[in-house]
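Report on the following structure.
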Amino acid sequence: MIRVWQGDITGLDVCAIVNAANRSLLGGGGVDGAIHRAAGPGLLDECRGLGGCETGSAKITGGHGLKARHVIHAVGPVWQGGGQGEAELLAGCYRTAMDLADAAGCRSVAFPAISTGVYGYPPEDAARVAVATLRDWLDGHEGWEVTLVAFDARTADVLQKALEE
Ligand code: AR6
């Protein structure tokens, strides 16, 4: 099941929340900064041991001070017009995050709108990639609750429309 929820991802009581990180995995602004602030310094300490992450993939850590048991740090592509494999890289973030959540024994996971902030991915296109990739993954995996988190009303609307397509 996929649902849309509007608000701050850092407070969600789910098994894993996904972070929109960069390749260093050492923090940043946007949702990344919010997650590190809410989780506390232990999260950055754990991230230092991960050796970064390739664009289009993800790595998992503990949730530290968060309600969520895990944080999955996904590195979305920077939007460069759409001809640089951005859609496949973004899909890779969602697929890898689901694989990691599954391996950790989770059945609930919440995603921010990866790449649609600082990285400039058009929200409508990103929402279509997110929904298609998640539907494909969930086909054959029972009993999951996936939350697409919108920080603002406009993003919530875009995500809801993508779900209804
Ligand atoms: N909860 C849910 N969504 C949020 C929150 C929050 N607390 N805060 C922001 N968003 P962005 P990106 C939304 O820029 O585009 C960082 O510096 C935001 O409104 O956080 O993947 C990293 O370190 C937008 O819809 O991520 C990277 O360097 C979405 O989260 C870079 O930014 C993603 O916006 C990654 O850029």
Side-chain angles (χ1 to χ4, degrees), residues 2-41 43-61 63-68 70-82 84-98 100-101 108-131 133-134 145-163:
I2 307 176
R3 65 171 185 144
V4 174
W5 181 81
Q6 192 187 330
D8 181 351
I9 199 170
T10 62
L12 284 183
D13 192 2
V14 291
C15 186
I17 64 169
V18 177
N19 184 14
N22 59 65
R23 288 192 299 170
S24 78
L25 301 185
L26 298 179
V31 70
D32 195 2
I35 288 173
H36 276 274
R37 275 194 301 279
L43 180 60
L44 182 57
D45 285 342
E46 190 180 354
C47 285
R48 283 201 183 96
L50 296 176
C53 180
E54 290 304 310
T55 301
S57 191
K59 291 191 179 176
I60 190 166
T61 65
H64 298 269
L66 299 169
K67 279 189 196 145
H70 304 281
V71 178
I72 297 170
H73 307 264
V75 184
V78 176
W79 181 255
Q80 295 177 80
Q84 303 298 316
E86 291 95 328
E88 194 40 50
L89 291 167
L90 186 60
C93 290
Y94 284 90
R95 265 197 304 272
T96 310
M98 292 305 292
L100 289 171
S108 58
V109 51
F111 287 88
I114 300 169
S115 282
T116 67
V118 174
Y119 281 1
Y121 208 117
E124 288 81 4
D125 296 328
R128 263 184 237 117
V129 170
V131 168
T133 307
L134 289 169
E145 263 184 45
V146 177
T147 305
L148 296 176
V149 177
F151 203 42
D152 53 68
R154 195 183 160 269
T155 305
D157 194 49
V158 165
L159 289 169
Q160 197 59 51
K161 287 212 169 87
L163 266 190

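In each ligand, atom 1 is the first atom listed, and ligand 1 is the first ligand listed.
Residue-ligand proximity, Gly7 to ligand 1, at heavy-atom distances under 4.0 Å covers atoms 1 (N), 2 (C). The atoms of ligand 1 that sit less than 4.0 Å from any heavy atom of Thr116 are 15 (O), 24 (C), 25 (O), 29 (C). The distance from ligand 1 to the heavy atoms of Gly28 drops below 4.0 Å at these ligand atoms: 17 (O), 23 (O). Near Gly29, the atoms of ligand 1 lying under 4.0 angstrom from a non-hydrogen atom of the residue are 16 (C), 17 (O). When each atom of ligand 1 is checked for a heavy atom of Ala34 under 4.0 Å away, the hits are 7 (N). Those atoms of ligand 1 with a heavy atom of Asp32 less than 4.0 angstrom away are 22 (C), 23 (O).
When hydrogens are left out, the protein atom nearest atom 18 (C) of ligand 1 is Phe151 CB, 4.4 Å; that is the closest non-hydrogen contact. Scanning all protein heavy atoms for the shortest distance to atom 20 (O) of ligand 1 gives Val31 N, 2.9 Å. For atom 1 (N) of ligand 1, the nearest protein heavy atom (residue, atom name, distance) is Ile9 N, 3.0 Å. Of the protein's non-hydrogen atoms, Asp8 OD1, 2.9 Å is the one closest to atom 7 (N) of ligand 1. Regarding atom 31 (C) of ligand 1, its nearest protein heavy-atom neighbour is Tyr119 CE1, 3.5 Å. Looking at atom 14 (O) of ligand 1, its nearest protein heavy atom turns out to be Val118 N, 2.9 Å. For atom 15 (O) of ligand 1, the nearest non-hydrogen atom of the protein is Gly117 N, 2.8 Å.
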message: Run Val75 and Leu89 through side-chain contact (heavy atoms from CB on, under 4.5 Å) and show every step you take.
response: CA-CA 9 Å; Val75 184; Leu89 291 167; over 6 Å; no
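For Glu145, the CD atom counts as loosely surrounded, since its 6.0 Å shell holds 12 or fewer non-hydrogen atoms of other residues, nucleotides or ligands. Atom CD of Glu54 has 12 or fewer neighbouring heavy atoms from other residues, nucleotides or ligands inside a 6.0 Å radius.
In this structure, CG in Leu90 is found 9.5 Å from CH2 in Trp79, a value given to the nearest 0.5 Å. For the atom pair CG of Asn19 and CD1 of Ile35, the computed distance is 4.0 Å after rounding to the nearest 0.5 Å.
Screening Asp32, Asn22, Thr61 for a side chain to side chain donor-acceptor pair (under 3.5 Å) involving His73 leaves a single residue, Thr61.
Val18 and Ile9 make their closest contact through O-CD1, 3.8 Å (heavy atoms, listed as atom of the first residue, atom of the second, distance). The minimum heavy-atom distance between Ala156 and Gln6, with the atom names listed, is CB-OE1, 4.0 Å. Of all non-hydrogen atoms in Pro123 and Arg154, the two that sit nearest each other are CG-NH1, 3.9 Å.
Applying the salt bridge (charged side-chain N to carboxylate O under 4.0 Å, His left out) rule to Asp45 yields the partners Arg48; only residues at least two apart in sequence or on another chain are considered.
A heavy-atom separation below 4.0 Å is found between Ser115 and ligand 1. Contact analysis leaves Ala150 out of contact with ligand 1, as no non-hydrogen atom separation drops below 4.0 angstrom.
Distances from atom 33 (C) of ligand 1 to the heavy atoms of Ala20, Gly30, Pro112, Ala113 show the closest one on Ala113.
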